[in-house]
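Chain A is the first sequence line, chain B the second, and so forth, proteins listed ahead of strands; every chain is numbered from 1. Only this structure's heavy atoms are used, side chains among them; waters, hydrogens and symmetry mates stay out.
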Amino acid sequence: MMAMVNMNNYEEYILLYADGELNEAETQALLAFIARHPELQGELDMYMDTKLVPDTTVVYEHKEQLLKKETKTIALGNKWIYSATAACAALILGFIFMNMNNDNRQTAIADNTKQPVDTVPAVVQHKEELHSTPVSPIVATPEQQEKKQPATYVATIIKTKTTKAPQPVQVKKQEEVIVKQQNPTQHTEVPIVKEQRLPKQEQTMPRVIVRQEEIVPSVPEDGNTKEHKGLLALLPEKERFEGVREIGDELGSKLKKVKHIKEDLQQTEAVSFRIGRKQLFSIQL
Amino acid sequence: MELTDYNACVKQWADALFRFAIKCTGNTEDARDVVQNSFEVLWQKKADVQADKAKAFLFQVAYRQSIDNYRKQSRISYKEVLPEERTRQTPAGLKQALERALDRLDEQSKALVMLKDYEGYNYEEIGQITGLNSSQVKVYLHRARKMLKDYLVSVENVL
């Protein structure tokens, strides 16, 4: 269809021509109309002069600041979840193993400090420990003893001294120390003690002494049996150490991976975390 | 679009966007901010923007930021500059006269002319960038072109 350019619409055709919106036929029709009306050539030229030409000398400096570096994406797939679970389990087992080692170290220290039973320094040392334990009636402070059973306590000491003559040396030493710690005025109460209480104390006091003798060698054994309740302790010794070795190797490899990721991140600008195709969050470094 | 597409857009369109923003905002500092913000928005939306549409997206963001942030400021400065412009019409050339004529347009008309002449967009593409329909773009653009022509005619008559 031939474009109809006339005196009523030529200006719009000129504007469309200046905007580059005319097709080939419309352009030819307009130029033919202008050729037939040369007085309109100046108007056409003036509209064409309104076309802007970009100043290419104006440029945006520091484009490099707008550029982006490659973003490292850490995909959290199912394998990662399994790996994370395994790593957590390995860490927990590792801590259990470390605690077990610490207990063993404490036991070893206790073993090293253990002295022969019949030596006086060892007896004194354990006797001090017994003084700090509230289990034994000997541990109670004199004030407490006076409040609770003053007469009974004195009677116990006296009875022990008189009836238990063939005691080991360490026991005698302990008794002597204990007696020294008591207030001498307590002995004045001896006649007040009733004979009925004495049999009871005869049973309790030797029991305390026996317990004291048994505690000295049995401390490491009790400590081991109580603390060996971890998961690893349930395994035989050979499998336990193999398992711990494997856990250690796995932890070492994980640490190497973390170190590698850390070095890799230094060359990146941002890190985004995603599980599958779902992005969780992004961190600008 | 990917990282390489984005960086290619920076190298290819940053200058044009900067020139467009200078005309829209009236100064280089604001234009620099507009360019930075436009590319930042493109980077954030890169997953939703196709590479061949990135240029139009950039100009769309720049146009909206320029119009929204600097329209009021530019209108005030336009009213203040207008009397001075009329009192000293000493153009050094047609290009400078045209630049001054462009500065006398409102921001929307100025942007339409630049999108047409600088970037060569058609009416429909300009409509997508500016949020206008094709008919509106045509009408506004023709009106702006007549104003530019009238200004140039008036300058030539003075000379």
Q: Sort B/E2 into side chain, backbone, both or neither according to what part of it lies under 4.5 angstrom from a heavy atom of chain A.
A: neither
Q) For chain A, which residues from residues 129-140 of chain B have at least one heavy atom closer than 4.5 Å to it? A) B/K138
Q | A/E61 portion near chain B, given a 4.5 angstrom heavy-atom threshold | A | neither
Q. What part of A/E12 lies closer than 4.5 angstrom to a heavy atom of chain B: side chain, backbone, both or neither?
A. both
Q | N-O pairing of B/K55 and B/E125 below 4.0 Å | A | no
Q) So which heavy atom on B/V61 is nearest to which on B/V41, and how close? A) CG2-CG1, 4.1 Å
Q) A/E11 and B/R145: salt bridge (charged side-chain N to carboxylate O under 4.0 Å, His left out), yes or no, with the steps? A) CA-CA 11 Å; A/E11 190 174 13; B/R145 191 81 70 187; over 6 Å; no
Q) Tell me, side chain or backbone of B/I22 under 4.5 Å from chain A's heavy atoms, or both, or neither? A) side chain
Q. If you tally heavy-atom pairs under 4.5 Å against chain A, which of B/R19, B/R32, B/M114, B/K95 wins?
A. B/R19
Q) Would you find more than 12 non-hydrogen atoms of other residues, nucleotides or ligands less than 6.0 Å from B/E124 atom CD? A) no
Q: Search all heavy atoms of A/D49 against all heavy atoms of B/L98 and return the closest pair with its distance.
A: O-CD2, 3.4 Å
Q | Heavy-atom neighbours of A/Y17 OH exceed 12 at 6.0 Å | A | no
Q. Without hydrogens or angle criteria, can the side chains of B/Q36 and A/Y60 be said to hold a donor-acceptor pair below 3.5 Å?
A. yes
Q. Who among B/E119, B/K23, B/E99, B/K146 has the most heavy-atom pairs with chain A under 4.5 Å?
A. B/K146
**Q.** Region of B/Y123 in contact with chain A, defined by heavy-atom distances below 4.5 Å
**A.** both
(Q) Minimum heavy-atom separation for A/T57 and A/D55, please, with both atom names. (A) OG1-OD1, 2.5 Å
(Q) For B/F20 and B/Y118: C-alpha separation, side-chain torsions, deciding distance, then whether ring pair (Phe, Tyr, Trp, His ring centres under 6.0 Å) applies. (A) CA-CA 8 Å; B/F20 175 77; B/Y118 281 6; 8.2 Å; no
